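One structure is given here, and the rest of the page talks about it.
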Amino acid sequence: MTQEELALMLNVSVDAVSKYERSLSYIRGDLEYQLQEKLGWSLEDVIACREDWEAGRAQHSGSAYRLLNNQEVINEFGGSSSAVTQAVACMEVDDGDGLPGGFSAADTVWRDIQKSGLLSGPYVMLGSKIVGHVGLIFPKSNPEKSFYELLFDEAELTPDLLKRPLLPRGYFAYCPAIYVARGHENATRLLLAGFVTELEELLEREIFVREIGAISVNGLGTQLCEDLGLKFLGAHQRYAGFGVWTLSCSGIANSIVGRRSTKLRDAYLSTLLSS
């Protein structure tokens, strides 16, 4: 198909199609639907197209954002998990967040948890600097009660209170970190892709996340929780300005995560129907 034919079919200019192909212009969401309706593309085709566009955009803009898993980023820092924690802490200091103990990556509790290998999740790096991170941990006890009472406190976490999910079943997970360094908001797309991959890898081991808890500590955190489809439970009872959020099994299926991965959406919908 020529650019002219595609432009006519999508009701856009030939110049627009040319810019889409070169990742010089953003492909609007309504055009993605047209690719499905008029060209017979599957959702997977559209997602692959979007990812190709994002990779091309990053290349064109001269950025070199890299998405790494937990082990890969540890290897980047010479195999030192404590160096990773310090690198994330430096990103926080750059942003001047002033978080209380336990809620800062610089806190010793996170150095110990990182060292134990119980904190997983994707990282985004630019050169040798961490500019984004999403963390995920699995508490041993059932912490939903403290979440719904708006009292969950990261400062009380220690490695011995956490576990590594092994057997196939549903687990409660806590997301202690969605960090994005100031000026690197574009890294959120890669973080989302990494988060989806993390949940897909758990799913391959038949490990479901029945609920994800999170606490927002600033405006960006609130926006990210809203965009991810988390449900706001209320203001934290101990820390002014903090919000408590959860994402249920049904929320995962119907959230942006489910829209990005038909595998996750179908699996979590099936879990709902069978429960």
Side-chain angles (χ1 to χ4, degrees), residues 22-29 47 50-78 80-99 103-107 110-111 114 119-137 154 175-199 212 214-230 241-243 245 247 255-257 259-261:
R22 291 176 290 149
S23 295
L24 297 177
S25 181
Y26 186 73
I27 301 174
R28 304 192 315 266
I47 290 172
R50 185 190 303 148
E51 289 173 348
D52 284 347
W53 182 91
E54 289 169 355
R57 182 67 173 171
Q59 213 170 32
H60 174 77
S61 63
S63 66
Y65 287 127
R66 294 180 294 147
L67 181 66
L68 291 84
N69 64 29
N70 197 55
Q71 189 55 54
E72 288 170 339
V73 81
I74 288 174
N75 294 340
E76 284 278 324
F77 289 91
S80 171
S81 56
S82 59
V84 174
T85 308
Q86 290 302 316
V88 175
C90 287
M91 184 175 77
E92 287 196 316
V93 170
D94 288 345
D95 284 352
D97 54 36
L99 294 175
F103 285 94
S104 170
D107 197 87
W110 294 111
R111 188 156 56 244
Q114 177 80 54
L119 175 65
S120 62
Y123 293 80
V124 173
M125 294 189 67
L126 182 63
S128 60
K129 182 180 179 182
I130 292 175
V131 297
H133 172 47
V134 175
L136 209 60
I137 56 174
E154 288 187 4
C175 182
I178 306 179
Y179 298 137
V180 180
R182 184 170 292 131
H184 296 280
E185 287 76 10
N186 287 339
T188 54
R189 292 191 180 202
L190 272 180
L191 280 180
L192 175 59
F195 185 58
V196 167
T197 299
E198 178 85 7
L199 292 179
I212 299 175
I215 296 175
S216 60
V217 302
N218 55 31
L220 179 59
T222 297
Q223 181 182 334
L224 287 170
C225 286
E226 289 174 345
D227 291 348
L228 285 169
L230 275 71
F242 285 20
W245 305 74
L247 183 65
S255 71
I256 190 172
V257 173
R259 293 196 298 274
R260 281 290 179 113
S261 169

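As the structure is a prediction and not an experimental result, all values here were calculated from the model. Residue indices begin at 1 and follow the sequence shown.
Of all heavy-atom pairs between Gln114 and Ile74, the closest is NE2-CD1, 4.0 Å. For Leu126 against Ala64, the heavy-atom pair with the smallest separation is CD1-N, 3.5 Å. Of all heavy-atom pairs between Gly135 and Pro176, the closest is O-CD, 3.4 Å. Counting all heavy atoms, side chain and backbone alike, Trp245 lies closest to Glu226 at CH2-CG, 3.6 Å. Nearest heavy atom pair, residue Phe77 against residue Ala87, reads CZ-CB, 3.7 Å.
Within the 4.5 Å cutoff, no side-chain heavy atoms of Leu199 are placed close to those of Ser261. Side-chain contact check for Asn70 versus Tyr123: some heavy-atom pair is nearer than 4.5 Å. Proximity of Thr188 to Asp227: side-chain heavy atoms (C-beta onward) are nowhere separated by under 4.5 Å. Annotation: side chain of Tyr179 is not in contact with side chain of Ile130 (no heavy-atom distance under 4.5 Å).
To the nearest 0.5 Å, atom CD of residue Glu76 and atom CZ of residue Arg66 are 4.0 Å apart. Between Ile215 atom CD1 and Thr222 atom OG1 the span is 12.0 Å, to the nearest 0.5 Å. Expressed to the nearest 0.5 Å, how far CD of Glu198 lies from CG of Leu191 amounts to 12.0 Å. Distance CG/Leu190 to CE/Met125: 13.0 Å, rounded to 0.5 Å. Residue Ile137 holds its CD1 atom at 4.0 Å from CH2 of Trp110, rounded to the nearest 0.5 Å. Atoms CG and CD1, from Leu192 and Ile256 in turn, are 5.0 Å apart once rounded to the nearest 0.5 Å.
Without hydrogens or angle criteria, His133 side chain to Pro122 main chain gives a donor-acceptor distance under 3.5 Å.
Screening Leu228, Leu220, Val217 for a side-chain contact (heavy atoms from CB on, under 4.5 Å) with Ile178, the sole residue that qualifies is Leu228.
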